[in-house]
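To start, the structure itself, in C-alpha cells.
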There are 2 protein chains.
Amino acid sequence: MANKHPKQLDALRAAQMYYLQDQTMDAIARELGTSRSTVSRLLSMARESGLVQIQIKTPADRAPELERAIRERYKVEVHVVPVADTLNEIEVLDRVCMQAARTITPLVDSNAVIGVAWGSTLSAVSRHLTRKTTHGTVIVQLNGAGNTQTTGITYASEIIRRFGTAYGAKVEQFPVPAFFDHAETKRMMWEERSVQRILDLQHRMTIAIFGVGSIDSDVPSHVYSGGYLDSTDIDSLEASGVAGDVATVFFRDDGTDAGIVLNDRSSGPSLADLRKIRRRICVVSGTKKIKGLRGALAAGLATDLILDESTARELVEAESASSDPIFGFLNSLEGL
Amino acid sequence: MANKHPKQLDALRAAQMYYLQDQTMDAIARELGTSRSTVSRLLSMARESGLVQIQIKTPADRAPELERAIRERYKVEVHVVPVADTLNEIEVLDRVCMQAARTITPLVDSNAVIGVAWGSTLSAVSRHLTRKTTHGTVIVQLNGAGNTQTTGITYASEIIRRFGTAYGAKVEQFPVPAFFDHAETKRMMWEERSVQRILDLQHRMTIAIFGVGSIDSDVPSHVYSGGYLDSTDIDSLEASGVAGDVATVFFRDDGTDAGIVLNDRSSGPSLADLRKIRRRICVVSGTKKIKGLRGALAAGLATDLILDESTARELVEAESASSDPIFGFLNSLEGL
DNA sequence: CAGCTTTCTGCACGTTTGTGCAATCCGGTT
DNA sequence: AACCGGATTGCACAAACGTGCAGAAAGCTG
C-alpha cells in the first residue's frame, strides 16, 4: 500500500489486526502488501519487542488448591508453574524461568530501581526476558560476584546486562567479591564513595529479584562450589545450622540470621534491608531447594514467589509435617 | 494425569503452558492426558473468559503520524483502527468495534460504574466484548430508548445486558422514552424516585461509552429515522445548526449546545454532566460521522477516541482544510 | 431403567503458521 | 563501477492449529 514503512509501524499494524481483530496473517499480508512470512516475522517481532503483551490473570478465587494453600500460609503472591513431573531438572528450570520472566515483566514500571541477584536461576530468567519500554529504570546488582578464581564479572554482568537491555534500563554493576576475606575490609570498602553509590541505589530499590541457595542441595549452588567459600567457611555454616541463602546472605530454617558470622563478610544486602523493599520476587525451581526456600519464607524475604509445581507440592506437604508445626502456624498468623 | 479436572483449572494450566512457556498444544495435551483438539478448545475458552489478556501497548513516541496528530490536536487518547480501504461499511464497523471492545476491557476495573449508550455502534461493540471478572461493577443505561413505535427496550437492553454479562456486572436500565413529547413531563419524571435512582447512578459514572450521531449522515442514525423524532423536530435541529448528538443530546459544529430546545426533552445526560465523567470513550466508524465527531470533539465530550483509519485521516485533513486554514496550518507546524 | 436431550471428546481434514534456504536488496568500501 | 557483508524477502515445506462431524458420556425425564 504505502511505501516508506518503518518496520515498527508495520509490526504495530499487524499486531492490531492479528490480536485485536482476529485477522489471519494472510489477510494482513495482503493489506500490508507483503508476504505472509514477513507478517509472521513482524508478529514475532511485535511480541518480542513488548508491543504485544500477553498476561494471564488468575482470579484468586479460582486458583488451584496449591496456590491458595501457599498464598494463605506464607502470605505471598504465588505463581505455581505447571510442569510435567517427567521433565528433568534443566527442563523444569527452563520452564519456570520462562514463565517467571513473563510474569515479572508486567510488574516493572518506569523509574523502578530493580535489584538483581546472580546464579543459575537468575541466569535462566534473564535469558527469557521479553522487552518492555520503560524510562528511568535502573538495574542494580544485588551482591558482588568476585571469588578466588575469577572476578565473576562476566557471569553476573551478563545477567544484569540482559535485564538492562530488556527494559531499556541503565545497569549498575557491583564490582566487589561475593565474600570478603576479612569483615574489616568490607567495612572499609563500604565507606568508599564508589561503593556507597551502589549501596544508595540498593536502598532505593523498588523491586528485587533473586533465587535461593539451599545448603543441603545435592547440586550445590555456585556459592558452595565455585570457589567462593573454603571448607572452613562451609563448616562454620553447618555449625550455625544454616539452611540457605539469598544473594549470599545466609539464614536458618526458622528464618533467623543472628550470629551467622559469614554474613559479616558477605556483599549482599542484610535480610533486614531486603525486607524493606516493596516487591521482592523469589524464583525457585527444583525440590532440592526446599530447605533454603522454607528458610527464606520463614524470614519473610519474598513478597512474590514463582516456583514449579513439584516444589510447591512438597512445600505444602513438608510444612504440614514439619518438625515445629506450631511455629509454622504462628508464622502464618503473623503475616510473614 | 489427575481425574477430577474442573475445566477452569485445565484451561488455566493450558494457558500458562501455551502463552507463558511456549509449549505446543500437542505437548500440553500429553501432559493433561487429553487430545490436542481439547487443548485448542480449552485455550479459546481461556481467551474468551478473560483468563488470558492480550493487549497492545503503543509507546506514544512510536505511534503512527495519524494518531499523534489527533492526540495532539484534540487532547484525547486515540486508537486508530487499521482497516483496508477496500472494505465496506459494515465490515469496517465490525473491525472497529471488535478492536474497541478489546481496547475497552482493560480499562474496566472493579467497582466501576459504566454508562453505556445505545445505537448501531454500541450494539456492534457489545457483540465483541471479551469477558473480565470484576466485582461491584454496574452498567447503567445512558439515555432512554423508548419511541413512538416501540418501547425500545429490547434493542437497548440487549446491548447493556451484553456488557453486564461480559463483566459480571449488575445492569440498570433506564426505562424512559428517548425524547419526551413535553419538557414538562421530563421535569416531572426526573423527580420520580425510580428515575432518580438511575440519575444518581449516572452521576457516579466512572466510565461512559458512546458513539456519535451525525446530522448529515446519508444513513441517518436510529435517532433520525426510527420514529424517535418527527419532521418538526428535525426542522428545528437544522434551524439550530446542529451537527450531531451523543446519547440523544445534540450539539453544533463548534461544540456548543446552548439554545437547542430539543435537548430539554432528551433523556440523555447534559453535555456538562457528561464532561464530568473521568473516562469518556467514543467509538466512531465511517467517514459519514465526521461532522458529528468534530462537534463532539469540539465539545470535549471524549477522553478516549476509537475510530477507523479513513475517518481518522479525514478528521485530520478536514481540520487542516477547515474554514480557518491558517489555524490548521499553524497546528500542523506545531509538531502534529 | 429406557429413552431422550445436551454436552463433551477425538478424529480427520483443511487451514494457518513457523522456518531453513536461496535469491535479492542495500549501504558502505575499495 | 565492482565488490562485499549483512539484512530482508519470498518460496516451499513441515509443523501446528481450528473445526465439522460422529460417536461417547453425562444429565434429565417420565
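Labels below follow one simple rule: chain letters A, B, ... track the order of the sequence lines, proteins then strands, and each chain is numbered from 1. This structure is a prediction, so every number in the text was calculated from the model and none was measured.
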Rounded to whole Å, CE of M25(B) lies from P of dT15(C) at a distance of 18 Å

Is a side-chain donor or acceptor of D308(B) paired with a backbone partner of T311(B) at a separation under 3.5 angstrom?
yes

Taken to the nearest whole Å, CZ/R30(A) to C1'/dT16(C) is 12 Å

Assert: residue with more 5' nearest nucleotide on DNA chain C, out of D26(A) and R41(A), is D26(A)

Taken to the nearest whole Å, CG/D22(A) to P/dT19(D) is 10 Å

Separation of dG18(C) atom P from L42(A) atom CG, nearest Å, is 12 Å

Is the shortest side-chain heavy-atom distance between E31(A) and R13(A) below 4.5 Å? yes

Checklist line | Salt bridge present between E67(B) and R71(B) (N-O < 4.0 angstrom) | finding: yes

In whole angstroms, the gap separating C1' of dT19(C) from CG of L43(A) amounts to 15 Å

Rounding to the nearest 10°, end axes of the helix from dC1(C)-dG30(D) to dT30(C)-dA1(D) built from five pairs each make an angle of 30°

**Prompt:** Are T38(A) and dG10(D) close enough that a side-chain N or O sits under 4.0 Å from OP1 or OP2?
**Reply:** yes

Tell me what T24(A) touches on the nucleic acid: a base, only sugar-phosphate, or nothing, going by heavy atoms under 4.0 Å.
sugar-phosphate

Contact class for T34(A) vs. all strands (heavy atom < 4.0 Å): base, sugar-phosphate, or nothing?
sugar-phosphate

Handout entry: Side-chain N or O of S40(B) closer than 4.0 Å to phosphate OP1/OP2 of dG18(D)
Key = yes

Whole-Å distance, R36(A) CZ to dC11(D) P, equals 10 Å

Margin query: Taking any heavy-atom pair under 4.0 Å as a contact, classify S37(B): base, sugar-phosphate, or nothing.
Written below: base

**Any donor-acceptor N or O pair under 3.5 Å, side chains R36(A), S40(A)** = no

*asked:* Can you tell whether the side chains of E158(A) and R162(A) come within less than 4.0 Å, N to carboxylate O?
replied: yes

Can you see if the side chain of Y18(B) gets near the phosphate of dA16(D) - specifically, an N or O under 4.0 Å from OP1 or OP2? no

M45(A) CE to dA7(D) P, in whole Å, measures 14 Å

